[in-house]
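Excluded from the calculations below are hydrogen atoms, water molecules and symmetry mates; all remaining heavy atoms, backbone and side chain alike, are included.
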Amino acid sequence: MITAPISTSAQSLFATAIKVNDTSITHFELEERVRFLRFLRAPGNHNALAREQLIDDRLKVGAAQAVGIFPSTDAIQTGMEEFAGRVNLTREEFISAITAGGVSEDAFRDFVFAGIAWRDLVQAKFGSRVSVSEGEIDRALASSNSGGGVEVLLSEIIMPAPPPQAAAVQERAERIAQITSIAAFASEARRFSASASKPRSGRLDWLPITNLPPQLHPILLGLAPGEVTSPIPLQNAIALFQLRDIREADVPAKTYAAIEYASYYITGGRTEAALKTARKVANSVDRCDDLYGIAKGQDPSVLERGAKTPSEIPTDIALELAKLDPGEISTTLTRSGGQTLVLLMLCGRSPKLEQDIDRGDLSLGLQNQRLASFSDGYLEQLRADARIVEK
């Protein structure tokens, strides 16, 4: 049988765009993922995010398959149904919608496959290491109890750790974690930190511990003054905190049912042009509603606003929000591998009503938080060890 030759443009679409170890990502896959991200109204630079996600997917699937983990057809079908359900669609309706937008069912299936394979791998590799003791549950309960008011005086170091530098930054973070001198930690903060507290040697003001991410409460309460946390993996960054002091506040601590915040995404990462844009925006807004005027006429994905429970907020965002009062802004964070600057604004905090806390639920939450931390660190390691070549 004679078949028509494939056109040059079609050949180039299916040519390798990125080589990840022994696997390839084609230009066609990149284009499909960009269309998928647009359909999902994902924030940030879609081209950069597509590359980042597909590289991560190859690493996740490769690591899972290396130890014999292959999600079943039923698991993938269920995963597709659950993902579609997040936007109140059936699997068939979701596939029909993305197909109309130029995204194939196979691309969706591959996306879900990578997520399930990674979840199963992380559970198998780290599940036995995330047990939570009764003492840790007691400390977490104490830190979330509105009857007490614990405040902490911290210093911070937040170091960018893009994939090419992840291993070196992790090694540096492990060295800094051994520091017990406040002066020595301050010196490292002035040298390496990328947070807004760098000019103050990383020193933060007194903070109610309930302002901080829930997963940090037992960690911080377990420190003595001068001690430093183990390295905490964030998105393309690593954080360390030193406890300078701790005290009981005169008023009961507030716990929060939800925290509302807005993220305005600026192309350019931490370049001077992007930071200049961020300063201009910050000087022209007083509250989250004002950001709608800034984003008017732009792609809707540049502005994301919503309210989440403290445990749902990504750790790096939660850490920045902890330092802010309503209407204040942070420009410390980036997305899309450092190519998108995040202008983060706290809109408000909704207090939690008094209620009993289930110890089982709290234990499960602490385990999931630890598992997420292991997952982030393992992926950073895979990126650092991988051979990634862009054609």
Side-chain angles (χ1 to χ4, degrees), residues 14-34 36-37 48-83 103-131 161-171 173-174 230-238 314-315 336-338 367-391:
F14 290 96
T16 297
I18 306 170
K19 192 81 172 177
V20 182
N21 294 327
D22 296 323
T23 64
S24 296
I25 299 170
T26 67
H27 292 283
F28 180 76
E29 288 177 288
L30 284 168
E31 288 189 11
E32 270 205 307
R33 183 57 63 92
V34 168
F36 189 47
L37 291 169
L49 188 57
R51 286 177 173 268
E52 182 179 299
Q53 286 189 355
L54 285 169
I55 289 171
D56 285 352
D57 285 356
R58 290 295 194 275
L59 294 174
K60 291 174 179 178
V61 171
Q65 293 182 344
V67 295
I69 292 176
F70 295 85
S72 68
T73 300
D74 287 345
I76 296 168
Q77 290 285 96
T78 300
M80 294 170 76
E81 289 167 2
E82 290 174 351
F83 193 90
V103 181
S104 69
E105 180 179 350
D106 286 342
F108 177 36
R109 183 178 291 104
D110 290 345
F111 173 81
V112 172
F113 182 95
I116 295 173
W118 181 248
R119 181 198 64 196
D120 292 348
L121 173 62
V122 169
Q123 181 63 51
K125 189 176 182 66
F126 301 110
S128 62
R129 298 165 61 181
V130 296
S131 60
Q165 303 169 24
V169 176
Q170 179 68 30
E171 184 177 347
E174 290 172 358
S230 298
I232 299 170
L234 306 175
Q235 187 172 92
N236 293 308
I238 294 175
T315 302
S336 302
Q367 290 179 54
N368 287 337
Q369 289 158 10
R370 290 184 182 178
L371 206 57
S373 179
F374 278 121
S375 171
D376 292 343
Y378 184 35
L379 184 57
E380 290 290 347
Q381 178 189 330
L382 290 176
R383 289 194 195 105
D385 294 342
R387 299 184 309 279
I388 302 172
V389 180
E390 301 207 20
K391 301 294 185 178

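We find the CG-CZ distance between Leu371 and Phe126 to be 8.5 Å, quoted to the nearest 0.5 Å. To the nearest 0.5 angstrom, Leu54 atom CG is 12.0 Å from Ser24 atom OG. For the atom pair CD of Gln53 and CG of Leu30, the computed distance is 11.0 Å after rounding to the nearest 0.5 Å. For the atom pair CZ (Phe113) and CZ (Phe70), the distance works out to 7.0 Å, reported to the nearest 0.5 Å. Atoms NE2 and CD1, from His27 and Ile18 in turn, are 8.5 Å apart once rounded to the nearest 0.5 Å. For the atom pair CG of Asp120 and CD of Gln123, the computed distance is 8.5 Å after rounding to the nearest 0.5 Å.
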Problem - Asp110/Asp57 under side chain to side chain contact (heavy atoms under 4.5 Å, CB included): CA gap, chis, key distance, verdict - result: CA-CA 9 Å; Asp110 290 345; Asp57 285 356; over 6 Å; no
Practice task
Would you please test Glu29 and Arg33 for salt bridge (Lys or Arg N to Asp or Glu O under 4.0 Å) and show each step?
Solution key: CA-CA 6 Å; Glu29 288 177 288; Arg33 183 57 63 92; over 6 Å; no
Exercise for the section: Applying side chain to side chain contact (heavy atoms under 4.5 Å, CB included), run through Ile232 and Leu234 and close with a yes or a no. Expected result: CA-CA 6 Å; Ile232 299 170; Leu234 306 175; 4.3 Å; yes
Problem - Full working for side chain to side chain contact (heavy atoms under 4.5 Å, CB included) between Thr23 and Val20 - result: CA-CA 5 Å; Thr23 64; Val20 182; 3.8 Å; yes
Practice task
Report the C-alpha distance between Tyr378 and Trp118 in whole Å, list the side-chain angles of each, state the deciding distance to 0.1 Å, and finish with yes or no for ring-ring contact (aromatic ring centres under 6.0 Å, His included).
Solution key: CA-CA 11 Å; Tyr378 184 35; Trp118 181 248; 5.5 Å; yes
Practice task
Run the numbers on Ile55 and Ile388 for side chain to side chain contact (heavy atoms under 4.5 Å, CB included), then give the verdict.
Solution key: CA-CA 8 Å; Ile55 289 171; Ile388 302 172; 3.6 Å; yes
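Closest of all the heavy-atom pairs between Leu121 and Ala63 is CD2-CB, 3.6 Å. In terms of heavy-atom proximity, Ala75 sits nearest to Ile116 at O-CD1, 3.3 Å. Annotation for Ile238 and Pro231: closest pair CG2-CB, 3.8 Å, computed over non-hydrogen atoms. When all heavy atoms of Ala117 and Ile69 are compared, the pair lying nearest together is O-CG2, 4.1 Å. Across Ala107 and Glu32, no two heavy atoms sit closer than the pair CB-OE1, 3.3 Å.
Between Phe111 and Phe36, the ring-plane angle classifies as perpendicular under the 30° and 60° cut-offs.
Using a 4.5 Å heavy-atom cutoff, the side chains of Val61 and Gln65 are in contact. Looking only at side-chain heavy atoms (C-beta outward), Asp56 and Arg383 come within less than 4.5 Å of each other.
Taking a cutoff of 4.0 Å between a charged side-chain nitrogen and a carboxylate oxygen, Glu390 and Lys19 do not qualify as a salt bridge.
When only modelled atom types and interatomic distance are considered, Glu81 and Gln77 share no side-chain donor-acceptor pair under 3.5 Å.
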